[in-house]
Visitor: 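I have a structure I would like to understand better, so I am pasting it below and will then ask my questions one at a time.
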Amino acid sequence: MYALRMMIAFAGTAFFPYLIDRQILTIPLTLGVVAAGISNIDDRFSVHLRNLFYTYIGFFVAASSVQLLFPYPVLFALGLIASCIVFILLGSLGPRYATISYGSLVVAVYAMLGVHLFDNWYEQPLYLVAGAVWYGLLTSISYLVFPVRNLDDNLSACYNKLGAFLYAKSNLFDADLNAQEFDQALIDLSLCNSKLVAILNATRISLLTRLKGDRGQKDTRRNLHYYFVAQDIHERGDSAHIDYQTLAREFRYSDILFRFQRLLSTQSRACMELAKCIRLHRPYKHNPRFARAFERLKQSIHSQYDQGRNLIHLNALTLILTNLKEIDAQLANMETERSFLQKNFDRNDINQQLRDDSLQGFADIWQRIRQNLSPESVLFRHAVRLSLVLLLAYIFIQVTGLEYGYWILLTALFVSQPNFNATQRRLKLRITGTLAGVLIGLPILYFVPSVEGQLVVLIIAGVLFFELRSRQYAQATAFITLLALINFNLDGSGFDAALPRITDTIIGCFFAWLGVSFIWPDWKFRRLPRLVNRALTAQCNYLAAVVRQYHAGKSNDMDYRIKRRAAHNSDAELASFISTLATEPDQDAIQVSQCFRFLCLNHTFLSYISALGAHREELKDKEVLSLLDQVLVNIQGALLHAQTPKPALQHTTELLTLRLQNMSAQTGSREQLVLQQIRLLMSVLPEFATLNQSLSYDDHSDASALAPL
């Protein structure tokens with residue numbers, strides 16, 4: 001459907017000018033469609049129309065400013081800096097404004113490329129907006145015909161990522177992994193978790209805006225159910241009931257771990273199949289082989305009891321089996337109306353189920369912008385950095401007089417990212433894609449000389465660009481380069497523009513590299529202790545929320561979901577942060593190693609808490625509840641206040657050991673689960689707290705914020 005929409009959009013901008021014999025209009029109309037496609041935002045229909053209005057205003061203001069200031073280089077340079085900073089800082093108001101602002105910047109550079117095409121200053125801005133309006137009309141029709149399709153796509157992506165996460169989790173049950181391979185598997189799991197959390201957050205925003213305008217639509221309520229199930233499967237999938245390396249040593253020559261690994265990988269495929277069913281609006285059919293797999297695994301565990309294996313390890317396996325059965329039950333009951341009715345879909349209670357993070361008035365707008373008016377803000381640094389990069393590129397163009405020099409600005413805008421790692425990766429892909437696009441484009445211009453044939457190629461290139469831009473950046477760059485060459489060939493300069501396209505791309509990438517390397521580079525503002533403290537605080541808050549529910553009973557209220565989401569968000573942020581360390585210049589190898597070890601422990605700790613959360617029910621045993629409270633205080637003291645309560649830890653461990661010995665015959669009891677998870681938390685706490693203290697200093701705490709400039 002998306003490809004069909006893009007095909008119609010590009011066909012209109014290509015052949016409408018052809019039919020009225022004004023082929024030059026294809027250039028601004030097509031670029032308007034590209035900018036509008038980049039700026040498209042998923043929202044309910046009424047808000048979608050408002051977004052389009054904001055987009056058209058932004059496009060017209062950006063393009064008109066370029067046209068009016070272009071003859072005055074000094075004013076143009078000042079306007080370039082100011083508009084770049086303002087547009088990027090508007091992104092602090094939320095994804096909607098960030099997307100519209102970025103599209104407006106893209107339109108501004110597109111206007112620079114075509115400033116010579118029309119005599120009157122208002123013509124090109126109007127044509128660019130006309131292209132955007134044409135695309136907006138198509139998206140509006142699509143929204144009316146398929147009101148929840150974008151939400152379905154997001155939910156489908158959720159379950160795809162959930163499947164990838166469960167597959168990564170299955171690798172922890174590989175009995176043949178050594179210690180180094182196991183740590184790498186943990187890191188891979190943490191990175192998969194980071195991607196899953198990101199798409200869950202995006203889906204939450206998409207779902208919330210639909211629910212605000214819901215009028216009892218069954219599809220919307222069903223999607224809310226899908227989302228909550230994905231969250232619950234995530235919590236259960238992330239649960240850890242024992243140290244997996246201990247299991248590998250204990251059951252290396254048994255079939256149990258391989259059965260667990262196969263079961264998790266099969267559930268991974270089931271999630272991916274469910275993703276496909278959501279996308280294609282087909283009912284999901286649960287695989288009947290799961291029942292047999294669970295029964296055989298249960299028999300394998302019982303056979304180990306008969307052999308006199310360690311009861312603590314066997315009880316942990318039983319709990320893991322119970323957890324996987326709960327995931328299976330969620331998937332098996334996904335399509336039944338009874339499972340839908342188990343959830344409360346009262347529109348008046350939406351705010352109790354999903355937190356609304358949208359703007360709440362002018363005070364909220366000013367608060368969000370003010371928070372980013374500091375070099376400590378990543379967004380502010382990116383705004384200043386990009387504006388200076390564009391200014392330097394503009395000065396370079398003015399000095400050298402390059403005919404197609406504004407491609408340098410376009411490249412710098414597309415390549416520059418808030419962090420070094422993402423920018424470096426895009427540099428390589430952009431250059432590779434541009435070279436490929438030119439190598440493909442020149443033969444096409446030569447062997448397809450007719451205007452009609454080139455317009456067909458333009459349509460195909462535009463569709464493939466949008467299909468690939470979020471997955472294969474190099475290939476997408478190749479197709480947008482092909483589209484640009486055909487556009488310029490409509491003006492009679494396609495062959496002349498090929499070599500400048502390559503050289504300008506390389507120069508633009510160089511300016512982007514200069515900016516991210518020397519203008520407020522990320523590592524000069526790294527506050528690792530702050531990020532670590534945020535992650536640990538979120539973990540402790542999540543654990544406290546779980547403990548409260550063991551006192552008061554299970555509840556999926558918004559407070560619990562917020563705490564759980566914050567813990568996973570901070571873990572994802574930490575994983576993203578640490579994964580970039582090795583790519584940045586002048587990194588301390590010892591600190592990088594410590595960071596990756598901390599990442600493994602952080603995710604392990606979160607998995608142990610998730611297991612407590614997945615099985616949370618009200619406990620009546622006052623002694624276990626008192627012990628749980630004591631451990632919570634110990635963990636908070638060790639992780640948040642650098643306390644080392646060794647006597648208390650030792651006393652707690654002794655109590656745990658005694659209770660586990662007394663309860664060893666009570667396989668699968670809730671109290672035993674709690675005690676076992678507490679012991680796991682306490683087992684990693686010393687190393688976790690030690691690493692926290694070693695990373696809790698700031699290399700740049702005395703550095704001036706302006707020093708990197």
Side-chain angles (χ1 to χ4, degrees), residues 12-14 16-18 20-39 52-88 90 100-137 386-387 390-391 393-414 483-484 487-493 497 500 504:
T13 62
F16 176 74
Y18 175 79
I20 65 172
D21 199 24
R22 289 201 64 191
Q23 198 64 68
I24 197 67
L25 295 183
T26 297
I27 297 175
L29 291 176
T30 300
L31 295 180
V33 166
V34 172
I38 292 173
S39 307
L52 291 179
F53 178 70
Y54 294 155
T55 301
Y56 302 151
I57 290 178
F59 283 12
F60 186 78
V61 170
S64 298
S65 300
V66 169
Q67 292 283 157
L68 293 172
L69 296 178
F70 196 79
Y72 313 102
V74 175
L75 293 178
F76 187 90
L78 294 175
L80 184 64
I81 293 178
S83 61
C84 183
I85 293 176
V86 169
F87 276 131
I88 292 179
L90 283 176
I100 294 174
S101 299
Y102 183 73
S104 299
L105 282 175
V106 171
V107 164
V109 182
Y110 283 162
M112 298 177 202
L113 292 170
V115 75
H116 64 283
L117 293 177
F118 304 97
D119 297 330
N120 298 312
W121 68 268
Y122 54 83
E123 286 188 84
Q124 183 179 221
L126 286 177
Y127 291 135
L128 286 167
V129 171
V133 169
W134 165 237
Y135 180 79
L137 175 63
L386 181 58
S387 64
L390 295 181
L391 175 63
Y394 177 70
I395 293 173
F396 178 81
I397 295 168
Q398 291 297 311
V399 171
T400 58
L402 293 176
E403 184 178 359
Y404 301 98
Y406 292 96
W407 266 335
I408 297 175
L409 273 72
L410 188 65
T411 299
L413 176 62
F414 280 138
L483 184 147
N487 261 335
F488 271 87
N489 201 54
L490 297 176
D491 192 30
S493 56
D504 290 350

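Everything quoted here is computed from the prediction, not taken from an experiment. The chain is numbered in sequence order, starting from 1.
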Visitor: Are Thr30 and Thr13 linked by a side-chain donor-acceptor pair shorter than 3.5 Å?
Guide: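 Per modelled atom types, Thr30 and Thr13 side chains form a pair under 3.5 Å.
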Visitor: With a 4.5 Å limit on heavy-atom distance, are the side chains of Ile100 and Phe59 in contact?
Guide: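 No - every pair of side-chain heavy atoms lies 4.5 Å or more apart.
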Visitor: Does any N or O in the side chain of Ser64 come within less than 3.5 Å of the main-chain N or O of Val61, such that one atom is a donor and the other an acceptor?
Guide: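 No; zero donor-acceptor contacts below 3.5 Å.
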Visitor: Under a 4.5 Å cut-off applied to non-hydrogen side-chain atoms, are Pro500 and Glu403 in contact?
Guide: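 They are not in side-chain contact.
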Visitor: Short question: side chain of Gln124, backbone of Ala111 - any donor-acceptor pair under 3.5 Å?
Guide: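 Yes, Gln124 side chain to Ala111 backbone: donor-acceptor pair under 3.5 Å.
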Visitor: Using ring centroids (six-membered ring only for Trp), state whether Phe87 and Tyr102 fall under 6.0 Å.
Guide: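 No: the rings miss the under 6.0 Å criterion.
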Visitor: Heavy atoms, side chains only, cut-off 4.5 Å: are Phe60 and Leu126 in contact?
Guide: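 Yes, their side chains come closer than 4.5 Å.
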Visitor: Any non-hydrogen side-chain atom of Met112 less than 4.5 Å from a side-chain atom of Leu80?
Guide: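 Met112 vs Leu80: side chains touch.
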Visitor: Below 4.5 Å, heavy atoms only, C-beta onward: do Ile20 and Leu25 meet side chain to side chain?
Guide: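 Result yes, sub-4.5 Å side-chain heavy-atom pair found.
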Visitor: A side-chain contact here means heavy atoms from C-beta on lying under 4.5 Å apart; do Leu409 and Ile397 qualify?
Guide: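 Yes, at least one pair of side-chain atoms sits under 4.5 Å.
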Visitor: Taking the side chain as C-beta and beyond, is there a heavy-atom pair between Leu29 and Pro17 under 4.5 Å?
Guide: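 Counting from C-beta outward, Leu29 and Pro17 do come under 4.5 Å.
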Visitor: Mind telling me whether Tyr394 and Tyr406 have parallel, tilted or perpendicular rings, with 30° and 60° as the class edges?
Guide: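 Correct class here is tilted.
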Visitor: Just checking Tyr404: does its OH atom have more than 12 heavy atoms from other residues, nucleotides or ligands closer to it than 6.0 angstrom?
Guide: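 Atom OH in Tyr404 is crowded, with more than 12 foreign heavy atoms closer than 6.0 Å.
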Visitor: Could you tell me if the ring centre of Trp407 sits under 6.0 Å from that of Phe488?
Guide: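 Yes, ring centres under 6.0 Å apart.
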Visitor: Can you find a pair of side-chain heavy atoms, one from Thr26 and one from Phe16, that are under 4.5 Å apart?
Guide: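 No, too far: nothing below the 4.5 Å cut-off.
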